[in-house]
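Here the structure is laid out as structure tokens; the discussion comes afterwards.
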Protein chains: 2
Amino acid sequence: MSATAERVARSTVNKFAQRRQMLAESALKAIAEQGYAETGLRAIAQHSELSHGSLHYYFEDKDDLIALAVWNYKSECARRYDDIIATARTPEEFADRFASTMTGTLRDEATLHRLWYDLRNQAMFNTGFRDTIVAIDDLLQEMVWAVVSRFAELEGVAPALTPPLAYALFDGVFQNTLIRFLRGDTQAVENLSIEVRGLLKSALA
Amino acid sequence: MSATAERVARSTVNKFAQRRQMLAESALKAIAEQGYAETGLRAIAQHSELSHGSLHYYFEDKDDLIALAVWNYKSECARRYDDIIATARTPEEFADRFASTMTGTLRDEATLHRLWYDLRNQAMFNTGFRDTIVAIDDLLQEMVWAVVSRFAELEGVAPALTPPLAYALFDGVFQNTLIRFLRGDTQAVENLSIEVRGLLKSALA
DNA sequence: GCAATTCTCGGACAGGCGTCAAAAAAACAC
DNA sequence: GTGTTTTTTTGACGCCTGTCCGAGAATTGC
């Protein structure tokens, strides 16, 4: 077991773990701005209150830091629709809340979603944080499936597609809209709200 | 007008233009292997028969080179289904040939498609070759729309979605399958063949 | 054949990268 | 308050980056 891994294991909520979280957040901000390829450890440190040398005191290497950063943010993302799934009482309410939550996060956290797609792409080339990316991908697929199957339940029918396909479709529409939005197409976000409702319905048997 | 741009304009099929094409191909190979972030001009030069110093004789800068490389490959991709659109006589033949062509290129040129998604992501951060990426995106959307509307024509009905949505759905499924395939999931490619047929049908009114 | 042009190479440049280590600073124990 | 441990900084390391330049090679024009 390495030195940093030891420190992680020794305590979960002490200052060491808190510092890791803080630095992971700083990394998130930096990469969200500049992208993985253009963001160095010094840029990440400048987004925090520590110097670049300290990063290796809290993390094995750059990949270790980035893995925690993206995990923190994106595993939270995957829980964003839990409340809707649990409390929506009609298909209409469900679809409305789902669509507005999705368009909302796309609008408000566009650079963070951009970061996710950036890192997922990097994971196609580097093995560094691939495991984390795969784990998040699984989480997101489960989330989409929970949404689709709950909607089907409210409609009283069965889903008409598989979990992977459902994820691929919603992710495709989301990513496509994000790209258009970042290119200045604000209309795309409004269309997303409609398209997502249509997708939900066409996912039923 | 810059020096290199002058040379481009002066002649289209002379040695200068040929060298540009050759170097663009070398760049394509290099980036397909390592990814944009990890590929330097020296690595590109090593995939060619020239030295790294010559690249600036034929290209303004790195972005200029990459723009030509991805344009060469991907604008060709966008014409890959033209023959099917022109010659398929029944909806069944159309869907079969479309699905098998798509799964074929995914299998055989996986690293090149990975490169495309890599560069499209980079264009979300850098303005360097963004115009080229946007132009290709438009081309691909037109291609998908030509596919969908021709299939609808063969079926004797109208398409039930917009061009941007159609592109988003097919691109989402393709990208998702590519990722799974590169992670070692060979089953995903076979599923794609089925899913694409389903998508075609659900795109009709 | 010579002269002019086109092309290619290899090295230099400034600057950035991830990583590491020594020393200074801070926090803690007693 | 002193001694010990934890935390942080600073600066260095070797390597790589995109770009540029000068010298030489190859090609062309006549």
**Q.** Mutual orientation of the aromatic rings belonging to A:Y117 and A:F174 [parallel < 30°, tilted 30-60°, perpendicular > 60°]
**A.** tilted

Q. CZ of A:R19 versus C1' of D:dT6: gap in Å, rounded?
A. 12 Å

Q: Tell me, please, whether A:Y36 has A:K62 positioned over its six-membered ring: NZ or CZ under 6.0 Å from the ring centre and within 45 degrees of its axis?
A: yes

Look for any protein N or O under 3.5 Å of an N or O in nucleotides 24-30 of chain C and output each such pair with its distance, or none.
none

Q | Spacing between A:L55 atom CG and C:dA21 atom P, to the nearest angstrom | A | 16 Å

Q: Indicate for each nucleotide in nucleotides 13-20 of chain C, in 5' to 3' sequence, whether protein heavy atoms under 4.0 Å reach the base (B), only the sugar-phosphate (S), or nothing (-).
A: ----SBBB

Q.
Under 4.0 Å between a side-chain nitrogen and a carboxylate oxygen: does that hold for A:R180 and B:D137?
A. no

Q) For B:F16 and C:dC7, what is the distance between atoms CZ and P respectively, to the nearest whole Å? A) 7 Å

(Q) Within the structure provided, determine whether B:L192 and B:F181 are in side-chain contact (heavy-atom separation under 4.5 Å). (A) no

Q) Of the residues in residues 120-129 of chain A, which ones touch DNA chain C at a heavy-atom distance under 4.0 Å? A) none

Q: State plainly whether the residues A:R120 and A:D171 are in salt-bridge range, i.e. N to O under 4.0 Å.
A: yes

Q: Could you check how far CG of B:L23 sits from C1' of C:dC9, rounded to whole Å?
A: 14 Å

Q: Using atom OH of A:Y58 as one end and atom P of D:dT6 as the other, report the distance to the nearest whole Å.
A: 12 Å

Q) Charged N to carboxylate O below 4.0 Å: is that the case for B:E49 and B:R19? A) yes

Q) Would B:R97 and B:E93 pass as an ion pair if we require N to O under 4.0 Å? A) yes

Q | Short N-O contact, A:E109 and A:R114, less than 4.0 angstrom | A | no

Q: Calculate the interatomic distance between B:Q46 atom CD and C:dC9 atom P; express it in whole Å.
A: 12 Å

Q: Starting from P on D:dG18, measure out to OH on B:Y36 and report it in whole angstrom.
A: 8 Å

Q | Any donor-acceptor N or O pair under 3.5 Å, side chains A:H47, A:E33 | A | yes

